[in-house]
K.L.:
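Handing you this structure, nothing more for now.
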Amino acid sequence: MVTCYLRYIIDPYKVAEFEEYGKMWIPLVNKLGGVHHGYFLPHEGANNVAYALFSFPSLAEYERYREIIKTDDACKIAFDFAETTRCILSYERSFLKPVFK
């Protein structure tokens, strides 16, 4: 299993828009073979940093997901929403290997 960890720098005046964006992606990741662990929005501390975590059975499955999202209509809507609202200023992606036992 591989877990994708996303750290976003968001516009602090557009947290509601970022939350809407996140709510679009949770079911999409789940539909496309992953398990979404949620988005984590600013609460205390920095007001412009948010996180997301989701897992796939393997890096190969994640790469397949990355290809599908380029042509999936619902994914295009989510990408367009982020671009239109400009709620995301930047992001970084890392991959983690979870340990459960």
K.L.:
Show me the donor-acceptor pairs within less than 3.5 Å that the side chains of residues 29-50 make with the rest of the protein, sequence neighbours left out.
P.N.:
| from | atom 1 | to | atom 2 | distance (Å) |
| --- | --- | --- | --- | --- |
| Asn30 | OD1 | His36 | N | 2.8 |
| Asn30 | ND2 | Ile26 | O | 3.2 |
| Lys31 | NZ | Asp72 | OD2 | 3.3 |
| His36 | ND1 | Gly38 | N | 2.9 |
| His36 | ND1 | Leu53 | O | 3.4 |
| His37 | NE2 | Ser55 | OG | 2.7 |

K.L.:
Can you see which heavy atom on Glu83 is nearest to which on Arg86, and at what distance?
P.N.:
O-CG, 3.3 Å
K.L.:
Who pairs with Glu61 by salt bridge (Lys or Arg N to Asp or Glu O under 4.0 Å), at least two apart in sequence or on another chain?
P.N.:
Arg64
K.L.:
In terms of hydrophobic clusters joined by side-chain contacts under 4.5 Å, are Tyr51 and Met24 together?
P.N.:
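Not linked; separate clusters.
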K.L.:
Connecting only ILVMFWY residues whose side-chain heavy atoms lie within less than 4.5 Å of each other, what is the rest of Ile77's hydrophobic cluster?
P.N.:
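None; Ile77 is a cluster of one.
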K.L.:
Once you measure the plane-to-plane angle for Phe56 and Phe54, does it fall in the parallel (<30°), tilted (30-60°) or perpendicular (>60°) bin?
P.N.:
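Answer is perpendicular, since the angle exceeds 60°.
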K.L.:
Check whether the ring centres of Phe81 and Trp25 lie less than 6.0 Å apart, and answer yes or no.
P.N.:
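When the ring centroids of Phe81 and Trp25 are compared, they turn out to be at least 6.0 Å apart.
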K.L.:
May I have all residue pairs that pass salt bridge (Lys or Arg N to Asp or Glu O under 4.0 Å) and include part of residues 45-55, sequence neighbours excluded?
P.N.:
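Salt bridge (Lys or Arg N to Asp or Glu O under 4.0 Å) check on residues 45-55 returns no pairs.
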K.L.:
Tyr65: what forms a side chain to side chain donor-acceptor pair (under 3.5 Å) with it, not counting sequence neighbours?
P.N.:
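Checked Tyr65 against side chain to side chain donor-acceptor pair (under 3.5 Å); zero matches.
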K.L.:
Residues two or more places apart in sequence or in another chain: which of them pass salt bridge (Lys or Arg N to Asp or Glu O under 4.0 Å) with Arg66?
P.N.:
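With sequence neighbours excluded, Arg66 shows a salt bridge (Lys or Arg N to Asp or Glu O under 4.0 Å) to no residue whatsoever.
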K.L.:
Identify every side-chain donor-acceptor pair in residues 87-101 under 3.5 Å, counting partners at least two apart or on other chains, and give the distances.
P.N.:
| from | atom 1 | to | atom 2 | distance (Å) |
| --- | --- | --- | --- | --- |
| Arg93 | NE | Tyr62 | OH | 3.2 |

K.L.:
Go through the structure and list residues passing side chain to side chain donor-acceptor pair (under 3.5 Å) with Glu19, not counting sequence neighbours.
P.N.:
Lys23
K.L.:
State which residues pass side chain to side chain donor-acceptor pair (under 3.5 Å) with Glu63; sequence neighbours excluded, sorted by chain then number.
P.N.:
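Per chain and number, Glu63 pairs via side chain to side chain donor-acceptor pair (under 3.5 Å) with no residue.
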K.L.:
According to side chain to side chain donor-acceptor pair (under 3.5 Å), who are the partners of Lys76, at least two apart in sequence or on a separate chain?
P.N.:
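Expected list: none.
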K.L.:
Could you list the residues that satisfy salt bridge (Lys or Arg N to Asp or Glu O under 4.0 Å) with Glu67, not counting sequence neighbours?
P.N.:
Lys70
K.L.:
For a quick test of your reading: what N or O donor-acceptor pairs under 3.5 Å do the side chains of residues 4-14 make, sequence neighbours left out?
P.N.:
| from | atom 1 | to | atom 2 | distance (Å) |
| --- | --- | --- | --- | --- |
| Asp11 | OD1 | Tyr13 | N | 2.8 |
| Lys14 | NZ | Thr85 | O | 2.7 |

